[in-house]
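Remember, it's a predicted structure, so these values are computed and weren't measured experimentally. In what follows, every chain begins at residue 1, and chains take the letters A, B, ... in the order their sequences are listed.
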Amino acid sequence: MALTVDHVSYIYDPDDPLSHKALDDISLTIPEGQFIGVIGHTGSGKSTLMQHLNGLVKATSGHIYFNGRDIDARDYDKKELRSKVGLVFQYPEHQLFEVDVFSDVCFGPKNLGLDREEAERRAGEALDRVGLPRELYDQSPFELSGGQKRRVAIAGVLAMQPEILILDEPTAGLDPKGRREILDQIKLLQAQTHMTILLVSHSMDDVAEYVDRIIVMNGGRILYDDIPRRIFRRYRELEKIGLGAPQVTYILHTLRESGLPVDTDITTIQEAADSILQAINTSPS
Amino acid sequence: MLRDITLGQYYQTESVIHRLDPRVKLAGTLLYIISLFLFENIAGYILAALFLALVIGLSHVPFKFMVRGMKAIMFLLLITVVFNLFLTPGETLVRLWKLTITREGLHNAVFMALRLCYLIIGSSIMTLTTTPNHLTDGMEKGLRPLKFFKVPVHEVAMIMSIALRFIPILLEETDKIMKAQIARGADFESGNLVKRAKAMVPLLVPLFISAFRRANDLAMAMEARCYHGGEGRTKMKPLVYRRRDRLAYLCILLYLTCKVAVGVLL
């Protein structure tokens with residue numbers, strides 16, 4: 001159960017001599033159960049790559065294999081693929097349309113051809129997973145707050161029970177509290193279901209604490225693909241492409257330069273706090 | 001998905017025609033269209049074709065772009081030709097089963113088709129060489145005299161330019177929402193008419209909401225910048241007639257005179 005991207009390139013308008021490669025020879029493997037952060041600037045090709053993974057966009061060259069089968073093969077059932085690889089777009093609340101929250105979440109499972117009972121069961125489960133209170137189920141989705149709308153939209157994809165969940169900038173446009181809540185909810189979801197999750201973002205702080213692996217994209221190519229602590233060691237290079245490292249990394253590096261023996265590879269705030277305390281307690285001065 | 005749809009078919013290049021004042025192009029196009037319907041003789045059509053060829057040459061727009069505009073009206077053109085060909089009474093030329101082609105019919109069909117072609121190419125030169133914003137600017141200024149009759153010229157022009165500005169934005173939005181719903185298993189392509197119409201709901205509802213949201217935002221932004229209608233509003237680049245514009249008017253006038261002369265004399 002894995003997704004493999006094999007030398008995929010994508011060009012917008014191949015006829016136009018001015019058009020550039022949105023994706024340039026991308027290869028990667030997404031094994032089951034991994035929580036991956038995909039980082040890159042606007043225009044780095046991250047969103048385009050994500051749309052390839054569920055067959056919304058067809059690669060100009062190269063292949064994508066889901067569970068060993070080429071998704072662009074003529075006999076491949078795209079609808080089935082889209083139910084297995086769930087894609088939550090940027091600002092997903094813009095896709096809500098039903099009269100109430102619950103029916104909107106039912107839209108996905110119903111499209112899969114499930115009967116009403118099963119669709120409703122899945123919708124309820126998905127809404128539970130995103131932590132939406134039950135009393136909001138009968139409300140119009142347009143009356144909810146920004147964060148709640150986004151939860152409903154994410155539930156709309158979760159209700160299809162995908163094996164892989166791709167979230168394109170799930171925190172865009174939310175306030176710091178909303179960001180944290182959504183990210184914590186996603187982490188919890190991952191911990192409970194061991195679902196493969198791809199979290200696309202342009203903020204290192206968003207992903208540093210949560211993911212097992214980070215893919216850094218720049219100019220349509222994969223620049224780095226590694227575990228977070230090894231990625232953040234290259235924070236000088238990351239700065240050059242305007243990304244940088246999480247704030248924790250900077251603080252730890254500054255402390256180390258001023259003589260405190262802290263571990264600069266740490267990526268989460270909790271570990272950083274522990275490391276700083278330990279360094280203070282053990283240092284001779 | 002919707003990338004193939006081109007609207008506001010401006011062709012970016014450098015040419016005299018591009019630099020002309022939009023009012024000249026608007027008036028010129030209108031006069032040219034009128035001239036097409038003035039007289040009906042072969043010399044007149046040749047003259048109109050020559051004038052058109054001259055303008056196309058000056059505009060530096062590849063001819064195939066003009067022809068592209070023709071494709072849209074191909075169907076209309078075909079109907080016109082067929083109706084004129086078979087339904088005009090007169091001297092019979094050919095008889096095919098129950099249908100007859102008359103001399104007058106043939107004459108009408110050919111000339112009507114020519115006229116339509118000239119008309120479409122003539123007006124597409126205008127849209128190909130003028131940005132939509134320039135065009136509305138030209139309309140606003142050119143139609144200013146209508147204000148006297150209480151026609152809200154400025155408001156109409158503003159509405160038009162906003163509408164044009166929003167077309168690409170809404171197209172992009174449609175594309176995005178469509179993809180998002182397809183990702184949720186929506187199917188826009190199969191099924192009968194009723195099923196397809198129903199399938200549009202998940203696309204149209206978010207699209208309308210987004211259009212209203214954008215309209216609201218824009219209204220706020222305009223209000224915040226003290227927009228209060230056209231009264232006393234100045235332009236960053238006011239339209240001023242230059243020498244080339246006067247020359248262009250002269251050329252159009254010359255063409256019209258020739259056309260009338262040819263029509264009257266021959």
Side-chain angles (χ1 to χ4, degrees), chain A residues 12-13 15-16 18-19 47-48 50-51 53-58 77-99 103-114 119 126 140-142 149 153-162 165-166 168, chain B residues 1-7 9-14 61-62 64-65 67-68 166 168-192 194-218:
Chain A
Y12 282 107
D13 305 313
D15 301 333
D16 188 349
L18 291 173
S19 85
S47 291
T48 311
M50 295 309 120
Q51 290 179 23
L53 299 183
N54 76 342
L56 276 175
V57 179
K58 194 180 175 301
D77 185 1
K78 283 271 167 74
K79 213 164 172 171
E80 160 132 6
L81 173 74
R82 284 170 195 147
S83 73
K84 300 277 186 246
V85 183
L87 175 56
V88 181
F89 272 78
Q90 240 181 83
Y91 296 101
E93 59 273 24
H94 292 177
Q95 79 199 18
L96 302 175
F97 68 98
E98 274 286 5
V99 285
S103 335
D104 208 290
V105 179
C106 284
F107 179 66
K110 272 187 188 155
N111 283 332
L112 297 182
L114 300 170
S140 159
F142 306 110
K149 275 188 201 170
I154 294 173
V157 173
L158 271 183
M160 297 171 73
Q161 299 192 341
L165 181 68
I166 305 170
D168 194 353
Chain B
M1 235 167 276
L2 289 164
R3 197 165 276 273
D4 318 326
I5 299 173
T6 48
L7 275 157
Q9 38 167 353
Y10 179 65
Y11 183 86
Q12 176 112 36
T13 182
E14 190 52 42
V61 180
K64 66 171 189 201
F65 276 87
V67 182
R68 205 174 280 181
F166 267 65
I169 294 179
L170 288 179
L171 272 181
E172 204 176 294
E173 189 92 21
T174 313
D175 191 44
K176 244 169 49 193
I177 297 169
M178 222 163 154
K179 276 182 175 168
Q181 304 296 28
I182 292 174
R184 291 169 77 192
D187 187 352
F188 294 107
E189 273 146 9
S190 59
N192 58 27
V194 180
K195 213 177 157 196
R196 274 195 210 198
K198 267 190 181 159
M200 294 305 274
V201 174
L203 175 63
L204 289 179
V205 172
L207 191 62
F208 269 98
I209 289 168
S210 134
F212 279 116
R213 190 180 55 237
R214 282 177 194 282
N216 201 20
D217 288 354
L218 182 70

Subject >> Value rounded to 0.5 Å, distance of NZ in B:K176 from CG in B:L170 >> reply: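 Those atoms lie 11.5 Å apart.
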Original post:
Is the closest basic N to carboxylate O distance between A:D104 and B:R184 below 4.0 Å?
Top reply: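 Yes, this pair counts.
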Subject >> Pair B:E173 + B:R214: basic N to acidic O under 4.0 Å >> reply: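 A salt bridge is present here (some side-chain N lies under 4.0 Å from a carboxylate O).
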Chain B heavy atoms under 4.5 Å from [X]: which part of the residue, side chain, backbone, both or neither?
{"X": "A:Y91", "result": "neither"}
{"X": "A:V85", "result": "neither"}
{"X": "A:E80", "result": "neither"}

Subject >> Residue selection (most heavy-atom pairs with chain A, distance under 4.5 Å) from B:V205, B:V201, B:L204 >> reply: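 Result: the option with the highest number of such pairs is B:V205.
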**OP:** Please report the shortest heavy-atom distance between B:A180 and A:Q95, naming the atom on each side.
**Re:**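 B:A180 and A:Q95 have their closest heavy atoms at CB-OE1, 3.1 Å.
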